[in-house]
Every structure is written in structure tokens, then in C-alpha cells.
Asker: 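Right, I'll just put the structure down here and ask away after.
All values derive from a computational prediction rather than experimental measurement. Here is the naming used below: chain letters follow the sequence lines, and residue numbers restart at 1 for every chain.
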Amino acid sequence: MVRSKGYPEALENKLIDRVLYDSDRSPEFTKVVEEISRTIPHMCYQCGTCTASCPSAPRSTYRIRKFVRRVVMGLENEALTDPDLWLCTTCYSCTDRCPRDIAPTDVIMAMRNLAFKRDIIPVNFLKTVQAIYTTGHGVPNNDVNRAARKKLGLEADPPTTHKFPQYIKGIQKILDYYKLKANADRIVKEREG
Amino acid sequence: MENMHEYAFYLGCIAPNRYPGAEAAAIRTSEKLGVKLLPLEGASCCPAPGAFGSIDLNVWMAMAARNLVLAEKMKKDIALVCNGCYKSIWEVNHKLKHNDDLRDRVNEVLKEIDMEYKGTINVYHLAELLYNPEICGVEKIRGSITNPLTGTRIAVHYGCHLMKPRKDRDFSVDAVSKTEAPHWMEEMVEALGAEAVEYRNKMQCCGAGGGVRGYDIVHSLDITNEKLINLKEVGVDALTDICPFCQLQFDRGQIEIQEKFGVSYGLPVLHYCELLGLAQGMSPQELALDLHAINCEPFLAKVL
Ligand code: SF4
Ligand code: SF4
């Protein structure tokens, strides 16, 4: 039987009441998440509308409401090291419905940005970066598709960076400006050798 | 031809590189409807909002801004056919137009490649343009049909990033702004002569976004599978979408669901442009429907 990651065994453990120690809190974390996300998690009153709207919740231990709470409490380590951080599909249903006008999705995105600064990032995200660095496309063309395009009367390569590879330089400069390619290469190599 | 509305056609990745029939159909069908799609030379991936946004929102914005500048140089508004692209291209345009700090930050990077984002163009999804009576409208679509899809039951998958989050969107047509129980795509389907079918939890995500498809494929497919179960409950001949990434998730996803969960649906999944192409008399060959993972024949048998 195929399984998704860590469900249901991990759920009970995750939802258990715990003591909060001041030493685990980073008020700075709350501030930085608010800055990056440009939304207002501190307004959250924990109604749970977000989790109730979330397609990822019923099939995992991922609870968006809990992540919003962690931000408010400044529980940086707990939030950034939880693998559930990567189960948000960014469907924005929670954001559409939050009665406090918070954008929980953008709170997740901000935390993912912070996790990446600590090298916490699934490899598949980095492979998209690598593909775009070399071709300009996250999902590049291939021979089967080229043949099909020609039959349709389209050019074998679309008029993107595929047909005009001279534009790839500019893309590489943007990615290099943020040292994104170098970091992606380094992390992929560390993980996969 | 009278009054063609011209746009820079932003292609993205999955339409041109996996479902080229959707690209061909978009160009040919909209030309019959007074919308001319011009090539946007040198465009790249939007970039993928899930992957890039998660890594660094600043890179996401700078990369999307580069695509926007290409259209600014053409002095054309952008039209596109993918919700994921809409999220990147429309939303970054919107953010940069309204936030000086973000625009300055992006322009500092673009300076390195002799570009400057100015905020001179708008971005639209082609579906939204076709629905808009000021550009095209449902009646004009109906009038362009030579091969009505009569007798077929078709459900709509709206996807997420065109319309959500509602508070960060700004459509001129009111019907497109409704995110809980929208009906405008159903109107577009009925214009083709088909019966548009409602189903449980229609607005649920396909499961692919946010990098989840790559991170935990089983989790991602389980979300897709829930939608397929709901679709099976009402019985449809095809599912239509306005996002090639959703399309990939439903189309190839059904093969993966068969492998991993042991259930099969055989439900053809067509981009609205492909559907419109069929209804305007394009052949399955002209739409490269043979590239689809799920055989479209049972559906085609009803409409050809
Ligand atoms: S819906 Fe909004 S207010 Fe309610 S728990 Fe979620 S983030 Fe907090
Ligand atoms: S955006 Fe993310 S957290 Fe919000 S409902 Fe969708 S999957 Fe859940």
C-alpha cells in the first residue's frame, strides 16, 4: 500500500498539548515573517477556517492554523523544521476564507523562504531552478514534443528562450545575482552526492 | 479583419512543451474571435510560483518582471493560458505597479541586464478575455461554433491561481471574481453546445501546486483522486481546465493514480482552448490530442 509522508501515526503526537518555554521563542521570527509575507498573522484568533478549507489537511498532519500560531508564538525552529511546511499546495482557499483577512498561504511562503536560508528545502524545488538556469524553462521541450509541434504547424521550438537562447544569459545573471544557482548546486550535491 | 485585439502571447512551459495542441488551439480559435496572439520572443518560465516563490520571493519577482519587460517593449498587454503563469505574471505586475519598494528592488536587479520594469502593460488570462463581452463574450463564442459538442457532459476544473485569492485579484467582469461557486466557465462550455455539469467541491485544488507534486507525489495524487471520485459520482464525458499544470495533474495523474492506488477513471482532460478548437472544427490531429496520457477517443466518438 502506498503512503504519503507520516500519516496517520504522526498526527496524534503532533496535536498533543505541550508546555511552551520562553527560550524556544524568537519574537524576531514573528516580525520577519510579517515583513516577508506582507500579511498579519498576529491578527489570527485560531478559528480554524483555514485548516477546514485546506485540501492537504484531511490526508496529512499538516495544519495551517498551527503554523500560523507558531508564527505568532515565535516558534521558529518548530515551524521551519516541520516537514509539513512543504505540503501546502498554495491553493489560497484559506486566504480567501480567513475571517481576519490574513493570508495564511503567504505566511507559509515566507516561512519557506526562511527555511531555504537554512538550507531546508526539498530537492525538487532546486531542480526547477537548475532547469531554468540552463534552458529558461522549468519544464523544457523534448524531441517527441518537437515532432508533434511541427505536425501542428508550430515551430519545433516555441518562440521563448528555446528559440531565442540568447536571452538565457539575462536569466542566468538574475539567478546569479541572488546566488541561487550556486546554492542549488551545492545543496543538491550534498543531498545526492 | 475588424478590430482585432492584439496581445503578446505569454506561453509558459507546460502548454508549449507538453500540450502544444493547447497552444495551437489558443492561437487559431481566438483569431476567429477577434483576438490576435503575437509571439513574445525570449520569454522564460513564469517562473513556477510554487518552486520559486518558496525559495525566494525576490527572485520570483525579478524573473517574472523580466518577462513583463519583454511585453512592455512590444507595447502589448499579455494574454496567457495557464493559471500558474497568471499567478506569477499578473500578480508580480500588480505588486510592482502598487509597491514602490518592490519595484525599486526588482529594477536594481534588472539593471544588470539593461532592463527596467515600468508598469506600462496589463496581464490577462485568455479565458477571461474570451468571456468578457467587451473583447469577445459568450455569444460570439457560440457564433463561431461549427461542430457543436451536443450530447456531451463536461465538468469544469477552474484551478486556483486565476481567481484566488479574491482579495488580490481585480477583474473587470464581476462573474470572474466569484471564487466559491463560479459559473462563468460553465457558460463558456455551454456555448460550445455541451452540457456543463456541477460536482461536489468543484473549487478544490488539483493537488499539484506549491511544489507538492514533486515533494510528495502520493499526497498530491490523493487530492487529485478526491476530485476524480467526485467527478465519477456525477458522470462526465470530459473534464475541461484553463491551466496546463492542472491538466497534466489530471491527465498524467490518472496514469499515476492507476499505478499507485489501483483505480482508473479513463476521463479525458482537455484545456478549454482544445475544446473550443474541436467545436470550431479543428481535428484531433490539429490539437495533438494523441499526446494526452488519457485516450480522448471515447469523448471524440460522441462529438465527431
Ligand atoms: S482562518 Fe484566519 S483567523 Fe482563523 S485560524 Fe486561520 S489564520 Fe487564524
Ligand atoms: S493555500 Fe495551503 S494552507 Fe491554504 S488551504 Fe491551500 S493548501 Fe491549505
Asker: Please rank B/Q204, B/R28, B/H161 by heavy-atom pairs under 4.5 Å with chain A and give me the top one.
Answerer: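 Of the candidates given, the most pairs with chain A belong to B/H161.
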
Asker: Which residue out of A/P83, A/C94, A/P140 racks up the most heavy-atom pairs below 4.5 Å with chain B?
Answerer: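 If we count pairs closer than 4.5 Å to chain B, A/P140 comes out on top.
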
Asker: Please tell me if the side chains of B/L40 and A/T160 come closer than 4.5 Å, counting only heavy atoms from C-beta onward.
Answerer: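 A side-chain contact under 4.5 Å is absent here.
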
Asker: Against chain B, label A/R97 side chain, backbone, both or neither, depending on which of its atoms sit under 4.5 Å from a heavy atom there.
Answerer: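 Side chain of A/R97 only, per the 4.5 Å heavy-atom cut-off to chain B.
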
Asker: Shortest non-hydrogen contact from A/T161 to B/G42?
Answerer: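 That would be CG2-O, 3.7 Å.
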
Asker: When rounded to the nearest 0.5 angstrom, what is the spacing between CG in A/L87 and OG in B/S220?
Answerer: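 OG of B/S220 is found 10.0 Å from CG of A/L87.
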
Asker: Between B/G210 and A/R112, what is the shortest heavy-atom contact and its length?
Answerer: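 Closest approach of B/G210 to A/R112: O-NH1, 2.9 Å.
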
Asker: With rounding to the nearest 0.5 Å, note down the distance linking OH in B/Y215 to CZ in A/F125.
Answerer: 8.5 Å

Asker: Could you please spell out the steps behind the side chain to side chain contact (heavy atoms under 4.5 Å, CB included) verdict for B/E23 and A/L152?
Answerer: CA-CA 10 Å; B/E23 174 186 340; A/L152 295 175; over 6 Å; no

Asker: Taking the side chain as everything from C-beta on, heavy atoms only, tell me whether B/V212 gets closer than 4.5 Å to A/W86.
Answerer: no

Asker: Which bit of A/T105 comes within less than 4.5 Å of chain B, counting heavy atoms only: side chain, backbone, both or neither?
Answerer: neither

Asker: Looking at A/Q46, I want to see if its CD is surrounded by more than 12 non-hydrogen atoms of other residues, nucleotides or ligands under 6.0 Å.
Answerer: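 More than 12 within 6.0 Å, yes.
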
Asker: Checking B/R166 against chain A: side chain, backbone, both or neither under 4.5 Å from a heavy atom?
Answerer: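 For B/R166, heavy atoms of backbone and side chain both lie under 4.5 Å from chain A.
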
Asker: Using heavy-atom distances under 4.5 Å, tell me whether B/L110 contacts chain A through its side chain, its backbone, both, or neither.
Answerer: side chain

Asker: Taking side chain as everything from C-beta outward and backbone as N, CA, C, O, which of these in B/N67 sits under 4.5 Å from a heavy atom of chain A? Side chain, backbone, both or neither.
Answerer: neither

Asker: Taking atom OH of A/Y45 as the centre, report whether more than 12 heavy atoms of other residues, nucleotides or ligands fall under 6.0 Å from it.
Answerer: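 More than 12 within 6.0 Å, yes.
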
Asker: Would you say that A/M109 contacts B/S54 through its side chain, given a criterion of any heavy-atom pair below 4.5 Å between the two side chains?
Answerer: yes

Asker: If we only count heavy atoms from C-beta on, is the B/R18 to A/N142 side-chain gap below 4.5 Å?
Answerer: yes

Asker: Which region of A/N113, side chain (C-beta onward) or backbone (N, CA, C, O), has a non-hydrogen atom less than 4.5 Å from a non-hydrogen atom of chain B, or is it both or neither?
Answerer: both

Asker: If I measure from the heavy atoms of chain B, does A/Y92 come under 4.5 Å with its side chain, its backbone, both, or neither?
Answerer: both

Asker: Find out whether A/P159 and B/F9 are in side-chain contact, i.e. whether some heavy atom of one side chain is under 4.5 Å from a heavy atom of the other.
Answerer: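 No. Closest side-chain heavy atoms not under 4.5 Å.
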
Asker: Applying a heavy-atom distance below 4.5 Å, give me the residues of residues 162-178 of chain A that approach chain B, sorted by number.
Answerer: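 Within residues 162-178 of chain A, the residues under 4.5 Å from chain B are A/H162, A/F164, A/Y167, A/G170, A/I171, A/K173, A/I174, A/L175, A/Y177, A/Y178.
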
Asker: If you count heavy-atom pairs under 4.5 Å with chain B, which of A/C88, A/A115, A/S53 comes out on top?
Answerer: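 Going by pairs under 4.5 Å, I would pick A/C88.
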
Asker: Report which part of A/L114 has an atom under 4.5 Å of a heavy atom belonging to chain B: side chain, backbone, both, or neither.
Answerer: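 Neither part.
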
Asker: Is B/I55 in contact with chain A via its backbone, its side chain, both, or neither, using a 4.5 Å heavy-atom distance?
Answerer: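 B/I55 touches chain A through backbone and side-chain heavy atoms alike.
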
Asker: Going through the distances and angles, do A/S93 and B/M203 end up as a side chain to side chain contact (heavy atoms under 4.5 Å, CB included)?
Answerer: CA-CA 9 Å; A/S93 290; B/M203 292 311 286; over 6 Å; no

Asker: Is any side-chain N of the basic residue among B/D222 and A/R59 closer than 4.0 Å to the acidic one's carboxylate O?
Answerer: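 Looking at B/D222 and A/R59, the cut-off is met.
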
Asker: Does any backbone or side-chain atom of B/E112 lie under 4.5 Å from a heavy atom of chain A? Answer side chain, backbone, both or neither.
Answerer: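 Both backbone and side chain.
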
Asker: Using heavy-atom distances under 4.5 Å, tell me whether B/L70 contacts chain A through its side chain, its backbone, both, or neither.
Answerer: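 The side chain, not the backbone.
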
Asker: Restricting to non-hydrogen atoms, name the atom on B/C45 and the atom on A/G138 that form the minimum distance, rounded to 0.1 Å.
Answerer: CB-N, 3.6 Å

Asker: Just verifying a value: how many Å separate B/K167 NZ and A/T95 OG1, rounded to the nearest 0.5 Å?
Answerer: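 Here the interatomic distance stands at 6.0 Å.
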
Asker: Counting only heavy atoms closer than 4.5 Å, note whether A/D157 contacts chain B via side chain, backbone, both or neither.
Answerer: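 Neither part, no heavy atoms under 4.5 Å.
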
Asker: So which of A/N145, A/D101, A/V123 has the biggest tally of heavy-atom pairs under 4.5 Å with chain B?
Answerer: A/N145

Asker: Atom SG of B/C46 and atom CD1 of A/I132: how far apart are they, to the nearest 0.5 Å?
Answerer: 7.5 Å

Asker: Which region of B/Q285, side chain (C-beta onward) or backbone (N, CA, C, O), has a non-hydrogen atom less than 4.5 Å from a non-hydrogen atom of chain A, or is it both or neither?
Answerer: backbone

Asker: Answer with side chain, backbone, both or neither: which region of B/I223 has an atom nearer than 4.5 Å to a non-hydrogen atom of chain A?
Answerer: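 For B/I223, heavy atoms of backbone and side chain both lie under 4.5 Å from chain A.
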
Asker: Working to the nearest 0.5 Å, report the span between CG of A/L180 and CE of B/M63.
Answerer: 9.0 Å

Asker: Heavy atoms only, distances under 4.5 angstrom: which of B/G21, B/G53, B/P47, B/P39 has the most pairs with chain A? Name it, please.
Answerer: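 Looking at each option in turn, the highest pair count goes to B/G53.
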
Asker: Please give me the minimum heavy-atom distance between A/L154 and B/P20, naming the atom from each residue.
Answerer: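 Residues A/L154 and B/P20, closest heavy atoms: CD1-O, 3.7 Å.
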
Asker: Do side-chain atoms of B/N17 reach the backbone of A/V139 as a donor and acceptor pair under 3.5 angstrom?
Answerer: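 Between the backbone of A/V139 and the side chain of B/N17 there is a qualifying donor-acceptor contact (under 3.5 Å).
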
Asker: When rounded to the nearest 0.5 angstrom, what is the spacing between NZ in B/K95 and CZ in A/R38?
Answerer: 7.5 Å

Asker: Which atoms form the tightest heavy-atom contact between B/G211 and A/N124, and what is the distance?
Answerer: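 Scanning both residues, the minimum pair turns out to be O-ND2, 3.2 Å.
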
Asker: Does A/R149 reach the main-chain N or O of B/P16 with its side chain, forming a donor-acceptor pair under 3.5 Å?
Answerer: yes

Asker: Does B/S44 form a side chain to side chain donor-acceptor pair (under 3.5 Å) with A/H137? I'd like the steps, not just the answer.
Answerer: CA-CA 6 Å; B/S44 69; A/H137 282 286; over 6 Å; no

